[in-house]
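Take a look at the structure below.
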Amino acid sequence: QVQLVESGGGLVQAGDSLRLSCAASGRTCYAMGWFRQAPGKEREFVAVVSWSGGNTFYTDSVKGRFTISRDNAKNTLSLQMNSLKVEDTAVYYCAGDVQFLYDDWAPTSHNEYDYWGQGTLVTVSS
């Protein structure tokens, strides 16, 4: 069993920064990622980091602005979001994969993840 709890969402203006956190407990989550869902849209991949932190992927729209990281000693996952845009407005979810395939495993599909947090709302105003 895994419990994931996101925090850090809020209301900000375009150009501002925000840092999201996800606290994990229970079974080890190897690959961990962030996804987001805006009203009326499909859940979208944002970023993923492998178990050791050595492999990351980002969706094109956030490259250069967002940074994913993890601290396995603290069982936390973070997403640093800079230069936020109105288009970033969404509920952000952290996700964990409890299956270890190999150290650099870092899937971008939501179907690969076993556990999800409750979500945290990020609203970016112009």
Side-chain angles (χ1 to χ4, degrees):
Q1 294 184 337
V2 172
Q3 180 134 319
L4 303 174
V5 181
E6 302 100 331
S7 61
L11 283 72
V12 297
Q13 291 185 304
D16 286 351
S17 297
L18 204 60
R19 186 175 180 88
L20 305 183
S21 295
C22 176
S25 60
R27 294 178 64 189
T28 299
C29 291
Y30 296 101
M32 295 193 73
W34 289 97
F35 292 77
R36 65 188 181 186
Q37 188 165 23
K41 296 185 66 178
E42 294 279 294
R43 190 185 310 173
E44 176 190 26
F45 165 75
V46 177
V48 59
V49 59
S50 61
W51 165 240
S52 66
N55 197 24
T56 59
F57 295 106
Y58 299 88
T59 191
D60 287 344
S61 64
V62 308
K63 287 180 179 177
R65 299 189 297 121
F66 290 10
T67 302
I68 189 170
S69 61
R70 68 191 299 164
D71 187 338
N72 290 345
K74 297 180 180 179
N75 295 318
T76 57
L77 176 75
S78 298
L79 184 68
Q80 178 65 46
M81 305 185 294
N82 297 329
S83 301
L84 283 162
K85 302 176 180 179
V86 173
E87 305 92 272
D88 295 318
T89 295
V91 176
Y92 284 71
Y93 300 90
C94 67
D97 181 2
V98 299
Q99 185 172 52
F100 183 88
L101 296 177
Y102 51 93
D103 184 67
D104 288 339
W105 176 242
T108 59
S109 172
H110 64 87
N111 298 118
E112 297 287 350
Y113 293 88
D114 305 297
Y115 293 95
W116 297 83
Q118 82 287 352
T120 186
L121 177 63
V122 173
T123 302
V124 185
S125 62
S126 61

Indicate, with yes or no, if [Y] and [X] share a hydrophobic cluster defined by side-chain heavy-atom contacts under 4.5 Å among Ile, Leu, Val, Met, Phe, Trp and Tyr.
{"X": "Y92", "Y": "V48", "answer": "no"}
{"X": "L20", "Y": "I68", "answer": "yes"}
{"X": "V62", "Y": "L77", "answer": "yes"}
{"X": "W34", "Y": "V49", "answer": "yes"}

Where is the tightest heavy-atom contact between S52 and D103, given as atom of each residue plus distance?
->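 Answer, listing the atom of S52 first, then D103: OG-OD2, 2.7 Å.
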* To do: Indicate the atoms forming the closest heavy-atom contact of T67 with Y58, along with that distance.
  =>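 Nearest pair, atom of T67 first, then Y58: CA-OH, 3.3 Å.
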From [X] [atom1] over to [Y] [atom2], what is the distance, rounded to the nearest 0.5 angstrom?
{"X": "C29", "Y": "Q3", "atom1": "SG", "atom2": "CD", "value": "11.0 Å"}
{"X": "D71", "Y": "T76", "atom1": "CG", "atom2": "OG1", "value": "4.5 Å"}
{"X": "S126", "Y": "Q13", "atom1": "OG", "atom2": "CD", "value": "8.5 Å"}
{"X": "T59", "Y": "R36", "atom1": "OG1", "atom2": "CZ", "value": "7.0 Å"}
{"X": "N72", "Y": "M32", "atom1": "CG", "atom2": "CE", "value": "9.0 Å"}
{"X": "D97", "Y": "T28", "atom1": "CG", "atom2": "OG1", "value": "11.5 Å"}

Hey, do the aromatic rings of Y113 and F35 have their centres closer than 6.0 Å?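 When the ring centroids of Y113 and F35 are compared, they turn out to be within the sub-6.0 Å range.
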task: Could you check W51, Y115, Y102, W105 and say which one makes a ring-ring contact (aromatic ring centres under 6.0 Å, His included) with Y30?
output: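 When ring-ring contact (aromatic ring centres under 6.0 Å, His included) is applied between Y30 and each of W51, Y115, Y102, W105, only W51 qualifies.
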Under the side chain to side chain contact (heavy atoms under 4.5 Å, CB included) test, which residues partner V91, sequence neighbours left out?
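Here the qualifying residues are Y93, L121.
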| field | R19 and Q80: side chain donor to acceptor below 3.5 Å | value |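 There is such a pair between these side chains.
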Check: Does V98 offer a backbone N or O that forms a donor-acceptor pair with the side chain of D114 under 3.5 Å?
Finding: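 Yes, the answer is positive, given that a donor and an acceptor are paired below the 3.5 Å cut-off.
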Any donor and acceptor pair, going by atom type alone, linking the side chain of T89 with main-chain N or O of V124 inside 3.5 Å?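 Flag set: sc T89 to bb V124 pair under 3.5 Å.
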Review point. Charged N to carboxylate O under 4.0 angstrom, D88 versus R65?
Key: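 Answer for the salt bridge query: yes.
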Taking atom CD as the centre, does Q118 end up with more than 12 heavy-atom neighbours from other residues, nucleotides or ligands that are less than 6.0 angstrom away?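 Yes, enclosed.
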